[in-house]
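Following: one structure in structure tokens, then a few remarks.
First the proteins, then the strands, lettered A, B, ... as listed; each starts at 1.
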2 protein chains.
Amino acid sequence: MFVGNAVTVMQEKEISQAVIGRLPRYLRYLGDLKEKNIERISSQELSSLMNVTASQIRQDFNNFGGFGQQGYGYNVEYLYDEISKILGLDHNHNFVIIGAGNLGKALGNYLNFERRGFIFKGMFDMNPALIGQMVRDVQIKPMEELEVFLRENTIDIAVLTIPKTGAVGLVDTLVDNGIKAIWNFAHVDLDVPEGVQVENVHLSDSLMKLSYNISRYNDSKEQ
Amino acid sequence: MFVGNAVTVMQEKEISQAVIGRLPRYLRYLGDLKEKNIERISSQELSSLMNVTASQIRQDFNNFGGFGQQGYGYNVEYLYDEISKILGLDHNHNFVIIGAGNLGKALGNYLNFERRGFIFKGMFDMNPALIGQMVRDVQIKPMEELEVFLRENTIDIAVLTIPKTGAVGLVDTLVDNGIKAIWNFAHVDLDVPEGVQVENVHLSDSLMKLSYNISRYNDSKEQ
DNA sequence: GATACTTTGTCAAGAAATTATCAAATTTAT
DNA sequence: ATAAATTTGATAATTTCTTGACAAAGTATC
């Protein structure tokens, strides 16, 4: 009797976040190529297009298996589809936005997310003045209804566009009601249980980096 | 006779962007400590607070010179001020927002940038329906007035919240009229001359990373 | 004021990421 | 069909980033 292999977990090599972070950019360039009806591309061509080394491109793609062919290069459409799958864009993700301020509304109105399978399902806010307003085809609901809504709908992602004070206390509610991932625009680090994903967008951090690079360049000029 | 040293330009060690990227987070924690009137902190304490190694903290700070003292640790306020200076937050940066859509308005209304010395000076859009509207104390102007405005005011930063097609063609105008840095929300890579800083905020890339991490975790669970 | 304790700054080691190199596979040209 | 050119995937070399270790310098205690 053969046992043992049945439960063998394929120890997949962990892909570094550095690699993952580059995939969306590859996808963007491949999408552009597809629109231009370009059928194939070599790592060398893509390299000069994207300003990264050809070696890195091949290395990155090879983390997921051989997508290319010697002497030919990569088939644009095939590669595009494979990267889409890797990024989980081959199936839909429902999301709710919590915080119906300017930023929340901006994200709710952003149609391109839908094209990638991110479906805007609900929006919540504490402010009574906002309740009932429409953002696209979604009506803003009071925060009290969030829990029930999450239980009655299959929502993967919560987008947090509320001040940091509110954000921290909300995590438990979200996680307890099935949220798998948080796209966090609040300027605070969230503490989530193992298995819940957090992606931070700290806009002011980004602006500070820009500020540093301005100063650095000016200082180096002065010398 | 000793010559040579006179013209020796202090070859400052280039600080890696990895380090710079961590500075805003340090600043945030130090700000919180300051608010709690905590006077001093050791790398060890900060380490457990921020979930990074104490060694990395000391290494990071030491890139800029010794901010601490053996046996004592770091003075919170002093360290806060020094990091602020490094990030160029000790003087103001004026910015304009180009693109008065939802995202542009959201950023224009975000008051916290002002606290850090980023001053909202102007807003421009192509859409005639938006011209004249107020965003805080700034009136939306037509794109035709952008060039003159940039010449007549000292603006460091242009915030691009327009679709990518418009963004690429705008770079030359911005750079020719004194813009030193672009905070780019358009989903495209901008080609700028040496010395002009670009910080990209590619929201859909960020969302895709989140999507990958959701899939990855679910897949690993299934096995 | 002497001693024990704390904690930095620095240097070395280790790990991770990037780049270079090249054999093997395939395509293109003759 | 054969030879020349192209290009991947894999491995090795290099570089960068992170972590560990510890002497030196300070603080706190008795």
Rounded to the nearest Å, what distance is computed from the CD atom of residue B/Gln17 to the C1' atom of nucleotide C/dT18?
-> 17 Å
Expected rows: protein N/O vs nucleotides 19-22 of chain C N/O, under 3.5 Å:
{"residue": "C/dT19", "atom": "OP2", "partner": "A/Thr53", "partner atom": "OG1", "Å": "3.1"}
{"residue": "C/dT19", "atom": "O4", "partner": "A/Gln59", "partner atom": "NE2", "Å": "2.5"}
{"residue": "C/dA20", "atom": "N7", "partner": "A/Ser55", "partner atom": "OG", "Å": "2.8"}
{"residue": "C/dA20", "atom": "N6", "partner": "A/Ser55", "partner atom": "OG", "Å": "3.3"}
{"residue": "C/dT21", "atom": "O4", "partner": "A/Arg58", "partner atom": "NH2", "Å": "3.2"}

Check whether any side-chain heavy atom of A/Asn200 lies under 4.5 Å from a side-chain heavy atom of A/Asp205, and answer yes or no.
-> no
When the nearest nucleotide of DNA chain C is assigned to B/Gly66 and to A/Ser16 on a heavy-atom basis, which residue is associated with the more 5' position?
-> B/Gly66
Separation of C/dT8 atom C1' from B/Asp60 atom CG, nearest Å, is 14 Å
Partners passing side-chain contact (heavy atoms from CB on, under 4.5 Å) against A/Tyr78 (at least two apart in sequence or in another chain) = A/Phe67, A/Asn75, A/Glu82
Between protein and nucleotides 26-30 of chain C, what N or O pairs are separated by less than 3.5 Å?
{"residue": "C/dT26", "atom": "O4'", "partner": "A/Gln70", "partner atom": "O", "Å": "3.4"}
{"residue": "C/dT28", "atom": "OP1", "partner": "A/Arg40", "partner atom": "NH1", "Å": "2.9"}

Side chain to side chain donor-acceptor pair (under 3.5 Å) contacts in which one or both residues fall within residues 60-74 of chain A, not counting sequence neighbours | A/Lys13-A/Asn63, A/Arg22-A/Asp60, A/Tyr26-A/Asp60
Mind checking side-chain contact (heavy atoms from CB on, under 4.5 Å) for B/Ser55 and listing every partner two or more places apart, or none if nothing turns up?
-> B/Thr53
Quick one: are B/Leu190 and B/Leu160 in side-chain contact, heavy atoms under 4.5 Å?
-> yes
Applying ring-ring contact (aromatic ring centres under 6.0 Å, His included), name anything that partners B/Tyr80, two or more places apart in sequence or on another chain.
-> none
What residue pairs, at least two apart or across chains, pass side chain to side chain donor-acceptor pair (under 3.5 Å) with a residue in residues 158-169 of chain A?
-> none
Residue pairs, two or more places apart or on separate chains, that pass side chain to side chain donor-acceptor pair (under 3.5 Å) and touch residues 86-99 of chain A | A/His93-A/Asp156, A/His93-B/Ser211
Just call it for A/Tyr74: base, sugar-phosphate, or nothing, with non-hydrogen atoms closer than 4.0 Å on any strand.
-> sugar-phosphate
Using the test side-chain contact (heavy atoms from CB on, under 4.5 Å), find all partners of A/Asn102 that sit at least two apart in sequence or belong to another chain.
-> B/Ala106, B/Asn109
The side-chain contact (heavy atoms from CB on, under 4.5 Å) partners of B/Phe113 (sequence neighbours excluded) come to A/Leu203, A/Ser204, A/Leu207, B/Leu107, B/Tyr110, B/Phe118, B/Trp183
Here the residues of residues 23-37 of chain B within 4.0 Å heavy-atom distance, strictly under, of DNA chain C are none
Interatomic distance where CG belongs to B/Leu79 and P belongs to C/dT7 [whole Å] | 15 Å
Considering only heavy atoms of chain B and a distance under 4.0 Å, specify the first and last nucleotide of DNA chain D in 5' to 3' order that meet this criterion.
-> D/dC17 to D/dA28
